[in-house]
Each structure stands twice: as structure tokens, then as C-alpha cells.
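Single-structure report; data block below.
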Amino acid sequence: MDNNTNDIESENDKVKEEWIKIQDELRNQLIEKDQLSFNLKDNTLKYIGGVDISFVKDNQEDACACLVVLEYPTMKIVYQDIEFIKLELPYIPGFLAFRETPFLIQLIDRLKQSQDNSKFLPQVIIVDGNGILHPRSFGLASHLGVLIDIPTIGIGKTFFHVDGLNAKDVKKQVELSCHKGGDFIELKGESGKVWGLALQSNDDSKNPIYVSIGHRISLETSLEIIKTTTKYRVPEPVRQADLKSREFIRLHFNNTTSSSNSNSSSK
DNA sequence: GCGACAG
DNA sequence: ATCTTGTCGC
């Protein structure tokens, strides 16, 4: 029986090794500077995207993927696509991209192919997950960005330990240095590398968000965009994607499945 | 060996 | 990720 668990463990290690190779390869295509189809100074940023996946409770595989496109800077939703999906892989810290990326790409592809809506293809996408703020500098936002070749910004809501940085010290630093919305600190690790920023979203948000480069954008431009699209704790594009996907689950999944406490009838 | 660990 | 009421404040 111990042999079984050992076999499984070594199988998992093999898979992780393969995944690491894949990401090492993809990372060669990662661009950590501005390579954009717009300039923030001259109103050429029109469409900004947000993606998120929400889950059905007590369920590791039934979920809802959402892509929204907002008009900049009005933040009005001009396009949305929401669908039920079945996750095929578990959540493994450090390998989130392999779990979620296939479904997000599908949403982007559908928009690209849309006869009427392809004009809404976002010029930059804000992703619910880190960019290069990641053990191998290649989180979900970067992985997705490279695969779809669209600029992305990574947003984390909880800190991911990397390069000697840890949540406790980071939050302590934020407490000391950030007092109002827009204040931020650099996330500089032991190696000296700047992995991203901890940003106070608004004047009364105590809990920071973590901004990092996804793909084809600089940290400076990322910050500028995040600041101008954030009203609540998380930027409006990802917030809307989150709200839409949760609502979809509430409306179409809940009473549709047995799952839990209905009126316990028979017995 | 032990703990940490995006969503 | 998800589970949840009240509560503080504009």
C-alpha cells in the first residue's frame, strides 16, 4: 500500500518535471516590457479584458469561466462570455496555469472568431492570478499571455512566497508605507529582483493586492492601468468577471443539482 | 525532515 | 477557490 502512494508521488513528480520544462520553454517568449497596441497618453486604449474562473462549492471540477471586456476608461461592459467548464486537473500551487489556461484560451479564441464581436478583442487583459510573481517567474498571467500573445497583467489577492519575501513582512511594510489608495511598495526579493508591487487599492482597503507583469507590459504601465481601473479592492475587469461567473453558477447550477440540503423528503 | 503553498 | 451576518461608514 505504501508502494502505491510512492508510485503516485513519483508519477506526480514526473508530471511536474514535464510542466517545468514546458514553462521553461514558454518563458523564452516572455516579454517583460511594453509592447502594446496603445499609449495611455493619447486615448488609444479602448478595450481592456478581465478573466476569472469561479467554482461550485464542494466540487473540484465543476466551474464557470468568464471573459469580460470593458471600455476604457468608462469601465462599461461591452462584451461578456460565460460558460460552464469541467476542470481536468487539480489545483497544485505553482502550476495553476495548467489547470485554468485551456479554458481561458477557449474564451479568447471564441471572441477572435466572432463575426460581430472580434472588434472587442482586448488590448490588455487583467488576470486573476500572478504574472512573474511566481517561483519560476511564470504564473498564470504570464503563461496565458504568452500563449495568446496578448499583453496581460497579473493580480494576486494573497501573497505567493518567493525569493525570501513572505506575506507577513510584506504586509508589515505595507502598513508602514501605504496610507491611501494608490500607495504601493516594491516587492524586491533577496536576489534583488523586483517581482511586482503590493498596492493599496483604495483609501480604506487595508489588504493590498499584488501586481506583477504578465506579458508584453512593463510594471510601470501595469501600475498605471491597475490604478485607473480600480475602484474596489480588485480592478474592475477581474471583479466583473468574478461577479458574472458567480452569478451564473447561482442561477444555473445551484437548484439544478442535488448537492445538498433540499427539503429532505423521504425517509 | 518540516512547513509553505496564486486559484 | 468556497463557507457567511452583521456592521461600520459615506
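So you know, we letter chains A, B, ... as the sequences are listed, proteins then strands, and number each from 1.
Across all strands, A:Gly156 comes closer than 4.0 Å only to sugar-phosphate atoms, never to a base (heavy-atom distances). Within the nucleic acid shown, A:Gly154 has no heavy atom closer than 4.0 Å to any nucleic acid atom. The residue A:Asn59 sits apart from the nucleic acid: no heavy atom pair falls under 4.0 Å.
In this structure, A:Tyr91 counts as stacked on the base of B:dG7 under the 5.5 Å centre distance and 30° plane angle limits.
Closest contact between the side chain of A:Phe55 and the listed nucleotides B:dC5, C:dA1, B:dA6 involves C:dA1. In this structure, of C:dA1, C:dC3, B:dA6, it is C:dC3 that holds the atom nearest to the side chain of A:Lys57. The side chain of A:Ser54 has C:dT2 as its nearest neighbour among B:dC5, B:dG7, C:dT2.
At C:dT2, one or more side-chain N or O atoms of A:Arg246 fall inside 4.0 Å of OP1 or OP2 (strictly under the cut-off). Between B:dC5 and A:Thr158, no contact under 4.0 Å exists linking OP1 or OP2 to a side-chain N or O. Between A:Tyr210 and the phosphate of B:dA6, there is no side-chain N or O to OP1/OP2 separation shorter than 4.0 Å.
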| message | Wobble G-U and Watson-Crick pairs count when both distances are under 3.5 Å; given that, what is the 5' to 3' dot-bracket string of DNA chain C, with | for pairing to other strands? | response | ..........
| note | For DNA chain B, the dot-bracket notation using Watson-Crick and G-U wobble pairs below 3.5 Å, [ ] for pseudoknot-type crossings and | for other-strand pairs, is .......
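For residues 163-173 of chain A, the pairs satisfying side chain to side chain donor-acceptor pair (under 3.5 Å) are A:Asp163-A:Ser191, A:Asp163-A:Trp195, A:Lys171-A:Asn207, with sequence neighbours left out.
Rounded to whole Å, the distance from CG on A:Leu96 to C1' on B:dC5 is 12 Å. Look at CG on A:Asp242: it is 7 Å from P on C:dA1, rounded to the nearest Å. When rounded to the nearest whole Å, the span between NZ of A:Lys157 and P of B:dC5 equals 16 Å. Between A:Phe95 atom CZ and B:dA6 atom P there is a gap of 13 Å when expressed in whole angstrom units.
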| message | Run the side-chain hydrogen bond (donor to acceptor under 3.5 Å, both in side chains) test on A:Glu83 and A:Gln106 for me, step by step, so that the C-alpha distance in whole Å, both residues' side-chain angles and the decisive distance to 0.1 Å come before the verdict. | response | CA-CA 10 Å; A:Glu83 71 170 349; A:Gln106 185 173 315; 2.9 Å; yes
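Centroid-to-centroid, the aromatic rings of A:His252 and A:Phe248 come within less than 6.0 Å. If you look at A:Tyr72 and A:Tyr47, their ring centroids are not closer than 6.0 Å.
Checked for salt-bridge contact, A:Glu71 and A:Lys76 miss the test: no charged N lies under 4.0 Å from a carboxylate O.
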